[in-house]
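For reference, the structure discussed in these notes is given below.
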Amino acid sequence: MKIKYIFMAAVASLTMIATSCSGFLDHTPYTFPVEEEFWKTPDQADAGVVGTYSLLRQSLGRSSRYNALGDIAGCDWYSSPGQQDWTYLSGMQFDRDNGLMSGYRNWTTFYQVINQVNRALVRLENNYTDAQFVEDGYPENYRTQLIGELYFLRAYTYFTMYRMWGGVPLVVNVPSSYLGAQYLPRALESEIAEVIYGDLQDALERLDWDYVNATDKTYRANKGVVYATLAHMAAWDGDYVKCVDACNAIIDKGMYELESGDNIKKITENVSPELIFQQFYGSKDEATSPLYTGSTSSNDFYHTFLCNPYWGNSSWGSTTAEPACEFEETKLKQLFADGEDDLRWFTFFGMSPGGKVVCHKFNNFDEDADDYLYCMNNRVIFRLADIYLLRAEANTALGNNAAAMEDLNTIRNRAGLKNYDGSTSLFRAILDERGRELFLEGHRYYDMCRYYFNTGISVLKNTSAAQMEKGKYRLPVDPALFENNIVTLQNPFWQGKV
């Protein structure tokens, strides 16, 4: 089955289920007959799991949430972030509201993913046998693999919420009945962590390294994806022994390869052997926020950093148009202090007609006969360079500085830079290297948070170490989730502010 067809079929079927929610855990009974009709054949089961990836992609893509939080929140790289909610995010003003901020603070769409996972697990475990899949031409262990993917999807979704809010409502079963909105209290962070680690272990036990189909690598999970999630989860928790073990599993396997410095642009072109996990935007039907001739920007995250000539020919906008999101050139050049000696600066940055810095790292576009321009960039979640630098951070925290510097220098040398010279602390050198290497890949905010956890120094904009200690880095919970709800509490730092 072609990827496009699977995604469209799965989304169509799951939309009837997922969008029937009026509260964040509310389901109406008519979803049951929809599910009974859908979960009949192995093809439908496969499409149901694939559709769950699509739900996750939609949730992370809402208001460009994955990148807006990961690359803009608390960051001082921008002189003009491009829109008001991004300005608030950049300034750590999570309590402000312009009608869009609620999208970042609301966890409803994540629970659509969680509930679909829980339902799919019940169906796969109760409605199917391994023999049914074999009879339909699937590999012998395919049902087990699908269950492993579901455990990964639930783990990754809770991991995402865990970093954003800490403790969140815990839902791991399908309730037997639905009587109005079912609001649950927020679980302890330790309880959420236990579920994440447990689900990741369940996924590892069921998934292989190899994919059944080569195209599955563009968006589905294998052991490498699970280990990458485990590595980041452990790093966030400060369990750096577990983090190193997970990184070692990926690197030692040898399945992924660093691109050469001359080929680093391939990292953004959806086909690189360095990529571990990405979210698929492989057709114009799936691309977000197309631009029409004469437009100069859109709400798509990557578009906001671009202008002519980096998004195509001049018909897509004025030849004098400037990017909607403008960088603070001084700050950016401090980060990329080696200038064009750094292949990443040389490859991914240019200048606008007005002389402003433009990042064209993600500028894969497709045009159609109706004069629309489509952004075809997959969302990169994990890749091998990230894992090397995460292992460097972990080894620094464990006092294994020689091993940390080896990994740091591997990435520096690939970019054309000399070895780490000790002019800054090793923790800071790794933070800066991750900033350069993973620019606009959704990691910066969480990297800066972990830097505080390890050093006690806050580098987040408008945020002191004392405020970090009180939990300012946690997102506030959207006030809409408190309506008719007396059991869900606000994060302590934001109480009385939102």
Side-chain angles (χ1 to χ4, degrees), residues 23-25 59-60 62-63 65-66 68-75 85-114 156-171 181-196 232-233 235-238 442-454 456 458-498:
F24 85 99
L25 294 177
S59 184
L60 294 177
R62 181 183 181 185
S63 300
R65 174 159 50 186
Y66 178 83
L69 289 174
D71 296 305
I72 291 180
C75 186
D85 55 319
W86 291 3
T87 299
Y88 293 153
L89 287 175
S90 175
M92 292 292 287
Q93 296 171 295
F94 296 158
D95 54 325
R96 301 293 294 274
D97 198 357
N98 67 335
L100 294 173
M101 285 292 290
S102 61
Y104 304 118
R105 302 185 302 224
N106 192 304
W107 56 46
T108 301
T109 57
F110 291 116
Y111 280 98
Q112 292 174 355
V113 182
I114 296 295
Y156 183 85
T157 304
Y158 270 122
F159 162 66
T160 300
M161 292 194 288
Y162 181 69
R163 289 199 300 183
M164 292 167 68
W165 290 286
V168 294
L170 182 57
V171 186
Q182 298 186 0
Y183 289 104
L184 299 176
R186 297 172 66 177
L188 297 174
E189 291 185 32
S190 59
E191 294 173 318
I192 301 299
E194 183 178 0
V195 167
I196 295 169
H232 274 275
M233 173 66 185
W236 186 258
D237 272 353
H443 293 282
R444 182 63 175 176
Y445 178 69
Y446 304 106
D447 291 348
M448 291 192 291
C449 288
R450 292 198 313 277
Y451 180 75
Y452 165 76
F453 299 158
N454 284 308
S458 175
V459 291
L460 288 164
K461 193 172 182 179
N462 301 327
T463 303
S464 67
Q467 290 173 320
M468 289 291 286
E469 187 67 25
K470 294 178 181 178
K472 185 178 179 180
Y473 63 92
R474 300 283 194 204
L475 283 178
V477 179
D478 183 23
L481 296 175
F482 297 131
E483 294 178 5
N484 303 315
N485 172 17
I486 61 173
V487 296
T488 299
L489 301 177
Q490 183 61 267
N491 272 329
F493 181 86
W494 299 106
Q495 288 177 4
K497 299 180 178 72
V498 180

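Since the model is a prediction, treat every value here as computed from it, not as a measurement.
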- With the threshold set at 4.0 Å, does a side-chain nitrogen-carboxylate oxygen contact exist between D447 and R444? no

- Note on the structure: On a heavy-atom basis, the closest approach of S102 and D97 is N-OD1, 4.1 Å

- State whether the side chain of Q495 and the backbone N or O of Q490 hold a donor-acceptor pair below 3.5 Å, judged by distance alone. yes

- How many angstroms lie between CG in D95 and CE in M92, if you round to the nearest 0.5 Å? 10.5 Å

- Query: Would you say the side-chain atoms of N491 pair up with the backbone N or O of F493, donor to acceptor, closer than 3.5 Å?
  - Reply: no

- Message: Measuring only between side-chain heavy atoms, which start at C-beta, is W165 closer than 4.5 Å to R186?
- Response: yes

- Message: Tell me whether the count of non-hydrogen atoms from other residues, nucleotides or ligands lying under 6.0 Å of CD in E194 goes above 12.
- Response: no

- Item | Heavy-atom pair with the smallest gap, counting every atom of N462 and Q467 | O-OE1, 3.5 Å

- From R450 atom CZ to R163 atom CZ, the distance as rounded to the nearest 0.5 Å: 7.5 Å

- Query: Given side chains that start at C-beta, do those of P492 and R474 come closer than 4.5 Å, heavy atoms only?
  - Reply: no

- Give a yes or no on whether the backbone of Y446 and the side-chain of W236 come within a donor-acceptor separation of less than 3.5 Å. no

- Task: Check whether any side-chain heavy atom of S59 lies under 4.5 Å from a side-chain heavy atom of Q112, and answer yes or no.
- Result: no

- Judged by atom type as modelled, is there a donor-acceptor pair below 3.5 Å linking the side chain of Y445 to the main-chain atoms of Y473? yes

- How far does OH of Y156 sit from NE2 of H232, to the nearest 0.5 angstrom? 9.0 Å

- Beyond-backbone contact of Y452 with L460, side-chain heavy atoms, under 4.5 angstrom: no

- Message: Surrounding NZ of K470 (heavy atoms of other residues, nucleotides or ligands, distance under 6.0 Å), is the total greater than 12?
- Response: no

- Other residues, nucleotides, ligands: >12 heavy atoms within 6.0 Å of E189 CD: yes

- Message: Measuring only between side-chain heavy atoms, which start at C-beta, is Y104 closer than 4.5 Å to D478?
- Response: no

- Query: Roughly how far, to the nearest 0.5 Å, is the CG atom of L89 from the CG atom of D71?
  - Reply: 11.0 Å

- Task: Assign the ring pair W494 / F94 to parallel, tilted or perpendicular, where the plane angle (0 to 90°) is split at 30° and 60°.
- Result: tilted

- Query: Any side-chain heavy atom of T109 sitting closer than 4.5 Å to one from V113?
  - Reply: no

- Message: Strictly distance-based, threshold 3.5 Å: is any side-chain N or O of T160 a donor or acceptor partner for the main-chain N or O of Y158?
- Response: no

- Is the backbone of I114 close enough, under 3.5 Å, to the side chain of T157 for a donor and an acceptor to pair up by distance? no

- Message: Minimum heavy-atom separation for I192 and G167, please, with both atom names.
- Response: CG1-CA, 4.2 Å

- In terms of heavy-atom contacts, P476 and V498 come closest through CB-CG2, 3.6 Å

- Message: Give me the atom names and distance for the closest heavy-atom approach of A465 to G456.
- Response: CB-O, 3.7 Å

- Message: How close do A68 and W86 get, counting heavy atoms only, and between which atoms?
- Response: CB-NE1, 3.7 Å

- Query: Say you draw a straight line from OG1 of T488 to CG of L184; how long is it, rounded to the nearest 0.5 Å?
  - Reply: 7.5 Å

- Rounded distance (nearest 0.5 Å) linking atom CZ of R105 with atom CZ of R65: 12.0 Å

